[in-house]
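Side chains are part of it too, since the values below use all heavy atoms of this structure and drop only hydrogens, waters and symmetry mates.
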Amino acid sequence: DELEVFKNISHPNIVSMFDNCEVFNHYFIVLECAFGSLTNCMFYASGDKWKLLNHISKGLKSLHENGIAHADMKNGNILYFHEQSKWKICDFGFVYFKKYTPYRKYCAGTVLGTNKNSFDLENVTGEHFSRRAALNLFERAIACDIWGLGMIFLGVCIKYVPFYDF
């Protein structure tokens with residue numbers, strides 16, 4: 001799924017892929033080199049909170065407009081590029097695509113069909129589920145992205161990660 005994102009998206013606030021390869025059935029992706037993540041670069045974020053919010057919002061908007069939900073927005077997935085003075089979104093391991101994928105079994109690490117009530121899904125049978133259910137999950141993943149963006153920004157404003165102790 002990560003390669004699919006890099007093939008379909010090019011945006012100044014999304015980490016760029018330089019190359020990818022397979023070695024002994026292990027896949028590697030070569031990305032641009034960052035100064036650090038928001039987790040260890042909070043100092044740079046607190047100086048210009050609006051710049052951070054602007055950069056990450058633009059990157060997230062681009063993902064959503066291209067039918068991609070990140071589904072794992074957190075401080076560790078926001079990278080700072082000191083030379084460019086830019087914040088960029090990374091780590092697309094939990095992405096969810098709007099396009100219908102009939103055999104998709106995971107959304108943000110949860111196996112579909114294991115707890116039908118928590119997702120309020122209909123027509124979940126084994127690995128197959130309806131297009132309506134898939135779109136419902138995509139919309140929920142978008143909502144999670146927006147919530148995650150809010151928590152990131154709150155953390156920058158109060159200078160610690162909210163709900164870290166839970």
Side-chain angles (χ1 to χ4, degrees), residues 1-22 25-32 34 37-39 52-81 86-156 161-164 166:
D1 285 349
E2 286 191 75
L3 282 177
E4 193 71 25
V5 172
F6 291 119
K7 288 178 187 175
N8 293 308
I9 284 271
S10 177
H11 190 274
N13 299 113
I14 295 174
V15 173
S16 299
M17 178 181 74
F18 290 132
D19 201 2
N20 67 83
C21 63
E22 179 186 356
N25 294 325
H26 294 281
Y27 294 93
F28 296 91
I29 301 173
V30 181
L31 304 173
E32 58 185 318
S37 74
L38 181 55
T39 304
L52 167 74
L53 182 62
N54 184 31
H55 287 186
I56 301 312
S57 296
K58 286 179 178 178
L60 200 55
K61 180 181 178 190
S62 178
L63 286 172
H64 293 171
E65 286 175 346
N66 285 281
I68 301 167
H70 188 277
D72 194 24
M73 291 296 292
K74 61 184 180 185
N75 290 1
N77 291 337
I78 307 299
L79 300 180
Y80 184 64
F81 292 80
K86 270 193 182 155
W87 294 95
K88 298 185 181 190
I89 301 171
C90 72
D91 191 359
F92 300 98
F94 286 130
V95 295
Y96 198 80
F97 296 94
K98 186 174 185 177
K99 65 183 179 186
Y100 177 55
T101 311
Y103 294 102
R104 180 148 179 117
K105 295 192 291 185
Y106 299 96
C107 178
T110 304
V111 180
L112 294 177
T114 57
N115 189 352
K116 181 178 174 182
N117 294 331
S118 67
F119 287 105
D120 192 31
L121 294 177
E122 296 179 32
N123 304 320
V124 177
T125 56
E127 293 183 355
H128 300 275
F129 57 96
S130 68
R131 178 169 177 74
R132 180 175 158 217
L135 287 173
N136 187 21
L137 286 176
F138 177 76
E139 290 166 2
R140 288 175 187 236
I142 294 286
C144 288
D145 283 352
I146 302 303
W147 185 86
L149 177 65
M151 291 299 99
I152 289 167
F153 193 61
L154 175 62
V156 169
V161 180
F163 311 114
Y164 184 75
F166 288 99

**Message:** Give me each pair satisfying salt bridge (charged side-chain N to carboxylate O under 4.0 Å, His left out) with a member in residues 69-80, each pair once, sequence neighbours excluded.
**Reply:** D72-K74
**Asked** Does a side-chain heavy-atom distance below 4.5 Å link I14 with K88?
**Response** no
**Fill in**
d(I68 CD1, N8 CG) to nearest 0.5 Å is 6.0 Å
**Atom pair CD1 (I9) and CD (E4), whose distance is rounded to the nearest 0.5 Å** = 11.0 Å
**Item:** Distance-minimising heavy-atom pair for I89 and I56
**Value:** CD1-O, 3.8 Å
**Request:** Measure the CG-CG distance between L79 and D91 for me, rounded to the nearest 0.5 Å.
**Result:** 9.0 Å
**Prompt:** So Y80 and W87, would you call those rings parallel, tilted or perpendicular, with 30° and 60° as cut-offs?
**Reply:** tilted
**I78 vs L52, side chain to side chain contact (heavy atoms under 4.5 Å, CB included): CA-CA, chis, key distance, verdict** = CA-CA 9 Å; I78 307 299; L52 167 74; 4.1 Å; yes
**Item:** Side chains of F94 and H70 in contact at under 4.5 Å (non-hydrogen atoms)
**Value:** no
**Item:** Residue pair I142 / Y96, side-chain heavy-atom distance below 4.5 Å
**Value:** no
**Item:** side chain to side chain contact (heavy atoms under 4.5 Å, CB included) evaluation trace for N13 with S62
**Value:** CA-CA 9 Å; N13 299 113; S62 178; over 6 Å; no
**Side-chain heavy-atom pair V156, L53 within 4.5 angstrom cut-off** = no
**Item:** Rounded distance (nearest 0.5 Å) linking atom CD of E65 with atom NZ of K98
**Value:** 11.0 Å
**Request:** State, to 0.1 Å, how close E32 and S16 come at their nearest heavy-atom pair, and which atoms those are.
**Result:** OE2-N, 2.7 Å
**Interatomic distance, S57 atom OG to H64 atom NE2 [nearest 0.5 angstrom]** = 10.5 Å
**Request:** Locate the shortest heavy-atom distance separating C90 from G76; write the atom from each residue and the value.
**Result:** SG-O, 4.2 Å
**Asked** Which atom pair, heavy atoms only, marks the closest approach of M73 to L149?
**Response** CB-N, 4.4 Å
**Item:** Minimum side-chain heavy-atom gap K7-N20 below 4.5 Å
**Value:** no
**Complete:** F92 and L63 have their tightest heavy-atom pair at CE2-CD1, 3.9 Å
